[in-house]
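The structure under discussion appears below in the form of structure tokens.
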Amino acid sequence: MIEARHLRVLRAVAGTGSFSAAARELGCTQPAVSQQMKALEQSAGTPLLIRTGREMRLTQAGEALVRHAAGILAGLTAAEEEVAAIAGLRAGRVRLVSFPSGSSTLVPTALAAMRAAHPGTRISLVEAEPPRSVEMLREGDCDLALAFRYGGGAAGAAAEWEDLVVTPLLTDRLVGLVPERHRLAGAERVGMAELAEEPWIAGCPRCRRHLVEVCEGAGFTPRIDFATDDYPAVVGLVGAGLGVAVLPELAVESVRAKGVSTLAVEPAVEREVVALTLPDLARVPAVAATLGELVRAAAR
């Protein structure tokens, strides 16, 4: 019989490449990892690892087992959490991953409401942008992921997420940012084509790709002088007169927009903010309750 603890060890070994590194990740000893791997290979009835000097790689059987391990462990987590929550959410755990502007706007309200209503439920938060956050969900490293998709790519994103439970939260419109002394400062709205000759400050990789697509749709390729995942840095660079940018309203709401002027962008550019989870996890009461609080936070 293959045990869950052995699968967790196998995933750690596959991810780190050695018994010693896996032991450090799991907080145990290297001999303990070695013993559990031997037990797993005995259960499987075939070698799972090939050791060549200091290198270690998976056999075909090992690759197959690692591929199935995430789904198996997610199902076990769902079962454990549902059982723990039977007594009315007096226990349980939710691991949430969010992109930064969601972390500073939607998440605090939702988590405060969860703590007030269910103080026994433990919720952890880490930050990651999609698609990494979606990978973490599928790999069993979180229970809920806040993500976003842009309007133009909605069909592709829908196919990408077809194995997940998708809960729409809100539509986030992108706004333009220009220095407060810019020729367009104070205007209510601006066409993207009017910014064709400007230097640009771009955001996260997915936002950067979408910026290029929108600009090319307006007939030009943006000259990106600076790129950063840090929204306050984007605002600071614009405020210093080093370029222009477009940011989601959630991002602008989460930072102090000093020295910049915001204006509506035409044509309108929007992204859909969603919460994602796995079908098994969606039935876990603590996860479902957190999802409900995120929906209510987005409606405020």
Side-chain angles (χ1 to χ4, degrees), residues 99-102 104-105 128-134 146-162 166 168-274 276 298:
F99 54 94
S101 58
S104 58
T105 53
E129 297 274 1
R132 178 56 193 146
S133 56
V134 183
L146 261 62
F148 57 84
R149 57 189 175 194
Y150 287 98
E160 178 188 359
W161 298 342
E162 63 183 359
V166 182
L169 297 178
L170 57 85
T171 299
D172 191 18
R173 181 166 180 164
L174 270 65
V175 296
L177 297 181
V178 298
E180 59 185 5
R181 297 183 182 277
H182 192 273
R183 58 185 172 84
L184 293 171
E188 289 187 8
R189 58 193 70 251
V190 63
M192 290 295 293
E194 296 180 67
L195 301 171
E197 301 303 320
E198 302 286 344
W200 284 83
I201 294 100
C204 71
R206 176 168 283 195
C207 299
R208 205 172 308 155
R209 288 194 300 271
H210 189 257
L211 169 65
V212 172
E213 291 172 2
V214 170
C215 291
E216 289 178 345
F220 71 97
T221 299
R223 190 191 93 200
I224 298 175
D225 284 0
F226 303 98
T228 173
D229 293 350
D230 186 66
Y231 290 133
V234 173
V235 173
L237 290 166
V238 174
L242 296 172
V244 300
V246 290
L247 285 181
E249 286 183 320
L250 277 182
V252 176
E253 181 183 335
S254 68
V255 301
R256 183 182 178 189
K258 183 180 179 181
V260 305
S261 178
T262 61
L263 50 159
V265 174
E266 292 182 341
V269 183
E270 297 177 337
R271 66 176 185 174
E272 183 185 11
V273 176
V274 303
L276 305 172

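- In plain terms, the two heavy atoms of Pro248 and Asp172 that are nearest each other are CB-OD2, 2.9 Å.
- Note on ring orientation: taking the six-membered ring where Trp is involved, the planes of Phe99 and Phe148 are perpendicular (angle over 60°, cut-offs 30° and 60°).
- Of the possible donor and acceptor atoms, one in the side chain of Ser261 sits under 3.5 Å from a partner among the backbone N and O of Gly186.
- Under a 4.0 Å N-O distance rule, the pair Glu272/Arg149 qualifies as a salt bridge.
- Using a 4.5 Å cut-off on side-chain heavy atoms (C-beta onward), Leu169 and Val274 make no contact.
- Every residue two or more places apart in sequence or in another chain that forms a side-chain contact (heavy atoms from CB on, under 4.5 Å) with Glu266 is listed here: Arg189.
- Here the straight-line distance linking atom CZ of Arg271 with atom CG of Leu170 works out to 8.5 Å at 0.5 Å rounding.
- Sparse packing is recorded around CZ of Arg181, with 12 or fewer heavy atoms of other residues, nucleotides or ligands lying under 6.0 Å away.
- Pro205 is not listed as a side-chain neighbour of Glu129, based on a closest heavy-atom distance of 4.5 Å or more.
- Looking at heavy atoms from C-beta onward, His182 lies in side-chain contact with Glu198 at the 4.5 angstrom threshold.
- Using a 4.5 Å cut-off on side-chain heavy atoms (C-beta onward), Val255 and Leu247 make no contact.
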Run the side-chain donor-acceptor check on residues 225-235: report pairs under 3.5 Å with partners two or more places apart or on a different chain.
{"unit_1": "Asp225", "atom_1": "OD1", "unit_2": "Arg223", "atom_2": "NE", "d": "3.0"}
{"unit_1": "Asp225", "atom_1": "OD2", "unit_2": "Arg223", "atom_2": "NH2", "d": "2.7"}
{"unit_1": "Thr228", "atom_1": "OG1", "unit_2": "Asp230", "atom_2": "N", "d": "3.0"}
{"unit_1": "Asp230", "atom_1": "OD2", "unit_2": "Ala233", "atom_2": "N", "d": "3.0"}

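- Take Thr105 and apply the side-chain contact (heavy atoms from CB on, under 4.5 Å) test, not counting sequence neighbours, and it matches Leu250, Glu253, Ser254.
- By the 4.0 Å N-to-carboxylate-O rule, Glu194 lies too far from Arg183 to be salt-bridged with it.
- Remark: Phe220 CZ to Glu197 CD distance equals 8.5 Å, nearest 0.5 Å.
- When side chains are defined from C-beta on, Val212 counts as touching Ile224, because their heavy atoms get closer than 4.5 Å.
- From Leu263, atom CG reaches atom CG of Leu177 across 8.0 Å, with rounding to the nearest 0.5 Å.
- Residues Val246 and Val214 form no side-chain contact, since every pair of their non-hydrogen atoms from C-beta on lies 4.5 Å or further apart.
- In this structure, the side chains of Thr221 and Cys215 stay at 4.5 Å or more apart for every pair of heavy atoms.
- Taking every heavy atom of both residues into account, Val134 and Ala147 meet most closely at CG2-CB, 4.5 Å.
- The minimum heavy-atom distance between Val269 and His210, with the atom names listed, is CG1-CE1, 3.2 Å.
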